Colleague: 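The structure under discussion is supplied below as structure tokens; questions concerning it will follow.
On a predicted model such as this, the values are computed, not experimentally measured, just so you know. For the numbers below, each heavy atom of this structure counts, side chains included, while hydrogens, waters and symmetry mates do not. First the proteins, then the strands, lettered A, B, ... as listed; each starts at 1.
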Protein chains: 2
Amino acid sequence: MVAKHVNTLRTEDKIFAVSREAGSAVLQFGKEKVVNATVGAILDEDEKLAVLPTVIKTLRNLPDTEFAAYAPIPGTPDYLESAIQSTFRENRPEGYIKASATPGGSGAIRHTIWNYSDIGDTILTSDWFWGPYKTLAEENLRKLSAFSLFDDEKSFNLHSFEVKVSELLERQDSLVILLNSPAQNPTGYTLSDDEWGQVIETVKGAASDGSKRITLLCDIAYIDYAGRASDTRSFMSHFSGLPSNLLVIVAFSTSKSLTMYGLRTGAAVCVSSNKDVVQEFSDVFETSNRGTWSNGTRCGMKLLSEIMNNKELLLRVDEEREEFRQLLEKRAEIFIEEARGSHLDICPYKSGFFITIPAIQPEESCKLLKKENIFAVPISRGIRFAICSVPLYKMKGIAEKIKGAIS
Amino acid sequence: MVAKHVNTLRTEDKIFAVSREAGSAVLQFGKEKVVNATVGAILDEDEKLAVLPTVIKTLRNLPDTEFAAYAPIPGTPDYLESAIQSTFRENRPEGYIKASATPGGSGAIRHTIWNYSDIGDTILTSDWFWGPYKTLAEENLRKLSAFSLFDDEKSFNLHSFEVKVSELLERQDSLVILLNSPAQNPTGYTLSDDEWGQVIETVKGAASDGSKRITLLCDIAYIDYAGRASDTRSFMSHFSGLPSNLLVIVAFSTSKSLTMYGLRTGAAVCVSSNKDVVQEFSDVFETSNRGTWSNGTRCGMKLLSEIMNNKELLLRVDEEREEFRQLLEKRAEIFIEEARGSHLDICPYKSGFFITIPAIQPEESCKLLKKENIFAVPISRGIRFAICSVPLYKMKGIAEKIKGAIS
């Protein structure tokens, strides 16, 4: 029945499938015996969903109308200002800045692809990437192509990035570049400020051809688990003073930052040296909102603005989140140290929810791991292990078992 | 900066603009002196947003994780079953039925247009229609065309519908037909069961050409304000036993039914005599969800399933809503009776949030009304008066003033 352009091949949700198997194993063998490293959300040491106490309390204290009423199509004005504040904190770049509410970061990615690339264009991302980027590109009739994220020193592969950018701009006039940093999903990699500087120089160079339109789309979903707010955002100073045919759009989301994944509250935050470009962004995103999902979850918007407009509340939320960030750090330390001991090669993890282990046959290796009651997600060139969902006491011995499963 | 296919003309949100003017008038003249008939949500007799008490109580009683956790991409299984139950109540048509969660009814309309019409196709709706239908069509690179909703007797204009359906199918292979009934926005019109029967016969006839794919998209946003559940859904029996190239998709939404506009919780509910067609629907909507907004608001889903799975709770919600339905009825009665007295011609209102008055110069007439502190929304061929937001005591005398303003 569907139209010609629709792909009817169901892309099975692997994460969900493996997660369900983990659930069955828990029933059969008991929770203590099963390592479920599939969940993309922080579970505490009892393997319960971690919810920041001040956040849920603030949400529950909102008046009824904040749950019931519609938000304006572009988002409530308070929320938009709070999303900008929360995105940049003390590192607001110079230039014109506007935001538009979207359901999570995904909505911001959809609208950016839709409005800033031509149909049939190829979107550029790194070869280690969050699978749904491909779905977002293809649903919107674009293709996805990748540069190599890492060079031989496991640093950002600037050369591969440069080659891909110029290659794509030879055959298309617009280019949307989708980078997920800091604390990338799935590798946990974070571009250094220097690497960001090189990225910006590269795209600036490409934008010297005034007939090209380049959009740098930064997915910062995990930023608040990458360190202290001022450190994690210092790279954003590179967004100042860019040419007007080089647009920066930041995909902002409260999903992880506030542990409110299910409220679908995100935003696209646009930075440009050109006032008209930012106004155009605001206009077309408003139209796209109306033409796609109408408007966003009001209580999620109010929640963020309550927190951002109350220093004490924000401090408390930051402190509560910091505890979980440190927990992730400890879980990662165990894994990384043991990986070193077992000579297990892993992607260069800096911070975040996931560690990824390159593997030749990810599906096979994950099957072997299941026999040891370790459930992780096979991705195209490796295994994604969600340290966010595995308590400390279960982290021990994992690296060696993975080493065994991929050898 | 934007791509070639993007329309950068900002479609100013008229409703918001007029509503803001009403707000200023309230500050200047006092609430009692101002009639704000712009709001698309029920306000009680104190002009406060009406929130069903049992609904908000049930929402607040949900555990923290129901607010925090992600919902699965297609929606939680409980929610999908509840959305189907809530759509049909006792009038579930025969055939295969599946649902997919979407942000409000808007999301269901977006996905249906995207997946069941070809790019460049024309979507068919009635000439009185909710403005954003056009945005939804155009954002997704389709056009919108209209048949005349009313004939000279102010009944459903079957002839115009038939002509338009066959005209469009002469030049395109797929046709999405978007009907908003019962209690249409903006006219308050409801197709009778007989009229639905004629609609179905017409599209069945068109579907006798097996090379055509026809999707009947029913927007039932206001259904729970159109009468008792069993009466308002009796037309759905017509959805049984349709040919497999004639698909029915119902755009379901909790926004109005639960007075939870801001939770963005809706669904597309698909009915077909063909199992594969329904499975395909489920698959492509899951992919479209992932490729657009990822997933929906979990607490809104849980809220509906809590209510639908508890007879006592459902009864209470139905009773609370019924009070507001009767309030709308009373407000409408005043208007309609006075309109008759003033010889004011109005669209054939049956039920719902809005009454529409045909006007030659809607903008001019609304300007005149503003001078009398009456704020209503000019639409393309008339004035939309939101009885849902105007208390009884302010309804008196309105019809005559509108008569004056359009003459």
Colleague: Answer whether the closest heavy-atom distance between the side chains of B/Arg298 and A/Tyr261 falls below 4.5 Å.
Modeller: no

Colleague: Going by residue number, which parts of residues 56-65 of chain A are within reach of chain B, meaning a heavy-atom gap below 4.5 Å?
Modeller: A/Ile56, A/Leu59, A/Arg60, A/Leu62, A/Pro63, A/Asp64, A/Thr65

Colleague: Distance from B/Leu141 atom CG to A/Ile119 atom CD1, nearest 0.5 Å?
Modeller: 4.5 Å

Colleague: Can you tell me which portion of B/Ser255 sits under 4.5 Å from chain A's heavy atoms? Options are side chain, backbone, both or neither.
Modeller: side chain

Colleague: To the nearest 0.5 angstrom, please state how far the CZ atom of B/Arg290 sits from the CD atom of A/Glu138.
Modeller: 13.5 Å

Colleague: Do any of residues 273-282 of chain B have a heavy atom less than 4.5 Å from a heavy atom of chain A, and if so, which, in residue order?
Modeller: B/Val277, B/Glu280

Colleague: In terms of heavy-atom proximity below 4.5 Å to chain A, should B/Ile73 be classed as side chain, backbone, both, or neither?
Modeller: side chain

Colleague: Is B/Thr292 close to A/Thr292 at the side-chain level, that is, under 4.5 Å between some pair of heavy atoms?
Modeller: yes

Colleague: Drop me the distance from A/Asn140's CG to B/Trp114's CH2, to the nearest 0.5 angstrom.
Modeller: 6.0 Å

Colleague: Roughly how far apart are B/Asn295 CG and A/Arg264 CZ, rounded to 0.5 Å?
Modeller: 4.0 Å

Colleague: Counting only heavy atoms closer than 4.5 Å, note whether B/Val284 contacts chain A via side chain, backbone, both or neither.
Modeller: side chain

Colleague: To the closest 0.5 Å, what do you measure between CG (A/Leu246) and CE (B/Met1)?
Modeller: 7.0 Å

Colleague: With a 4.5 angstrom heavy-atom cut-off, which part of B/Lys302 approaches chain A: side chain, backbone, both or neither?
Modeller: neither

Colleague: Which answer fits B/Ser117, side chain, backbone, both or neither, if we ask what part of it has an atom under 4.5 Å from a heavy atom of chain A?
Modeller: backbone

Colleague: Quick one: OG1 on A/Thr287 to CG on B/Leu136, what's the gap to the nearest 0.5 Å?
Modeller: 11.5 Å

Colleague: Find out whether A/Arg110 and B/Trp293 are in side-chain contact, i.e. whether some heavy atom of one side chain is under 4.5 Å from a heavy atom of the other.
Modeller: no

Colleague: Counting only non-hydrogen atoms closer than 4.5 Å, does B/Ala41 touch chain A with its backbone (N, CA, C, O), its side chain (CB onward), both, or neither?
Modeller: neither

Colleague: What option among B/Pro72, B/Ser106, B/Ala68 has the most heavy-atom pairs under 4.5 Å with chain A?
Modeller: B/Ala68

Colleague: Chain A: which of B/Asn245, B/Asn115, B/Leu49, B/Thr265 shares the most heavy-atom pairs with it under 4.5 Å?
Modeller: B/Asn115

Colleague: Just so I know, are the side chains of B/Thr8 and A/Asp283 near enough to count as touching, which here means a heavy-atom distance under 4.5 Å?
Modeller: no

